[in-house]
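Chain A is the first sequence line, chain B the second, and so forth, proteins listed ahead of strands; every chain is numbered from 1. Owing to the predicted nature of the structure, the values given are computational and were not obtained by experimental measurement.
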Amino acid sequence: MTVRVQREDFDVGAELEGLTRGNTGIGGVASFLGLVRDMAGGEPIRSMTLEHYPGMTERQLAAIEAEARQRWPLDACLIIHRYGRLEPGDRIVFVATASAHRAAALEACEFLIDWLKTRAPFWKFEETPQGGRWVEAREEDDVAAARWGTRDGEPDGLDP
Amino acid sequence: MTVRVQREDFDVGAELEGLTRGNTGIGGVASFLGLVRDMAGGEPIRSMTLEHYPGMTERQLAAIEAEARQRWPLDACLIIHRYGRLEPGDRIVFVATASAHRAAALEACEFLIDWLKTRAPFWKFEETPQGGRWVEAREEDDVAAARWGTRDGEPDGLDP
Amino acid sequence: METANAVQKPIKLLYFAWLRSRIGLAEEEVVLPAEVRDVASLIAWMKGRGPAYAKALENEAVVKVAVNQEFARADHPLRPGDEIALFPPVTGG
Amino acid sequence: METANAVQKPIKLLYFAWLRSRIGLAEEEVVLPAEVRDVASLIAWMKGRGPAYAKALENEAVVKVAVNQEFARADHPLRPGDEIALFPPVTGG
């Protein structure tokens, strides 16, 4: 069970290999790799800079990972999230969940990436040909995360 | 859009890299890697041999991949399925779906792996300490695949 | 007549999984008698070809058939030159 | 008294994203006046610290607060030595 918040890129193949090594009880690994898109809101993007709150980010990621492990029988789980300046095509985030059964792995992976893409404590600054701008929180993303019934607005919750 | 049925192992990292290379419109790649488990039905497994129907298998996989592309806006899609004798921990199947939006990638990946794990034209022979046996089709798997409303029993359908 | 000539041309039969091991063959070519016109009559005819066939096909409900690599129902017509595969329900990947 | 002494100890304030750029600081340490007891009174007090603060905090609805790395509501009490972060709604990864 691992959470990493890092500036550096990562090697998806090596991470997946390490996740399952030595555990032949694992039947499947679901994963999601998030990449920087070249467009946002109809405008080209030159770069995206991810800012985070060191310490709190890791705590929040560890908490959501613990929640996923409570909800689904996972043999292994990995969250890697980058910060700093990224360009289109760059890897941003990687989630992988391993389980004896594929449904558990698939659902846990979707749960984690929905949360990460909407509620993880990161802020995005996009650089476009017209200049830079901070990305606003998106309504539709909240709907995706809300499906999972994660706690909202509680002082000790996972979400502001 | 690629379907491969092969005896050889594959490199997940390289496959994912190749899937998205040069397309910075892709926001995410969902994937599922299936591995041979060391247990089946409470018994240890020494090996699993996958038999298939060369020609028909590729056609069926291509058809389900085309259906996924019709249902979801995918930028790229990959299915690799191995056959032959495999041992616990070995990779069997890999599905990856890339899209501008994560929901499309996640749903298409789940759709494809549900189909592959239940309806792909493969037959499994398991070798246990007590001897070998052909695996019977499983009811619960049909339920998972049936969720998607794929056609059943049609002469031109994807399923017997 | 074209039909009469065509019947002389064999069909290709393929067997998979435990159907293959019970029949003891992976594939064979056979010339169908005139009364075998569809999948149902093929199975009925095959059961009479010997004890291995009879045993392999005893539970018809679990025998799936593909004609020219497409799943086929009992009333699917057969033609000389067809590739006909018999196999148990698939168990997925 | 312990409370009176403790108040002299500063809190650490952290700002993120556009709150950081509007305020013009990533972090600072301040000693809170005695009337600042919770998150709500902190925000009210900060608005009076100058035009950059007033501007950054003008729309309170979009200012989120964490106390010691946990999300905190308006009535969350503050104590000397706390790490208090102000930031806009997160935009995810």
Side-chain angles (χ1 to χ4, degrees), chain A residues 5 32 34-36 40 48-63 79-83 86 91-95 112-126 132-139 141-142 144-145 151-160, chain D residues 10-30 36-43 46 52-53 55-79 81-93:
Chain A
V5 180
F32 186 90
L35 303 171
V36 180
M48 191 174 78
T49 301
L50 282 151
E51 182 168 328
H52 78 302
Y53 180 176
M56 185 168 175
T57 304
E58 287 85 349
R59 284 168 73 134
Q60 295 261 306
L61 267 53
I79 299 173
I80 304 175
H81 209 301
R82 293 177 71 189
Y83 63 89
L86 301 169
R91 283 173 277 267
I92 312 172
V93 58
F94 185 63
V95 172
L112 287 170
I113 195 66
D114 275 356
W115 187 90
L116 285 163
K117 296 291 286 182
T118 55
R119 308 197 174 193
F122 289 91
W123 301 275
K124 292 175 188 160
F125 185 84
E126 289 172 348
R133 64 177 178 220
W134 288 99
V135 177
E136 299 287 323
R138 287 167 63 201
E139 186 71 27
D141 276 336
D142 282 344
R151 289 157 293 166
D152 242 49
E154 289 179 10
D156 63 340
L158 296 165
D159 186 55
Chain D
I11 59 160
K12 189 176 188 182
L13 284 165
L14 305 176
Y15 311 116
F16 292 100
W18 52 256
L19 270 157
R20 174 178 51 67
S21 40
R22 286 189 197 166
I23 290 171
L25 277 176
E27 60 178 87
E28 60 182 323
E29 297 207 338
V30 296
V36 175
R37 304 262 166 160
D38 59 18
V39 165
S41 53
L42 172 71
I43 303 286
M46 286 183 70
Y53 291 96
K55 173 84 180 136
L57 300 170
E58 67 185 350
N59 184 3
E60 281 184 43
V62 296
V63 177
K64 306 290 178 182
V65 179
V67 176
N68 300 324
Q69 305 192 354
E70 300 281 0
F71 284 106
R73 295 189 178 189
D75 61 356
H76 192 288
L78 301 183
R79 289 182 183 82
D82 279 349
E83 176 178 294
I84 302 166
L86 278 66
F87 44 81
V90 301
T91 45

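Residues of residues 55-62 of chain D lying under 4.5 angstrom from chain A, judged on non-hydrogen atoms, do not exist.
A:W134 and D:A17 make their closest contact through CH2-CA, 3.4 Å (heavy atoms, listed as atom of the first residue, atom of the second, distance). Nearest approach of D:F87 to A:M56, heavy atoms of both residues: CZ-CE, 4.4 Å.
In this structure, D:Y53 has no ring-ring contact (aromatic ring centres under 6.0 Å, His included) partners at least two apart in sequence or on a different chain.
Contact annotation for A:L116: only backbone heavy atoms (N, CA, C, O) come within less than 4.5 Å of a heavy atom of chain D. When heavy atoms are compared at a cutoff of 4.5 Å, A:F125 does not approach chain D at all.
When the options A:K124, A:E51, A:K117, A:R119 are evaluated for a side chain to side chain contact (heavy atoms under 4.5 Å, CB included) with D:T91, the one that passes is A:K124.
A:W123 contributes atom CH2, which lies 10.0 Å from atom CZ of D:R20 (distance to the nearest 0.5 angstrom).
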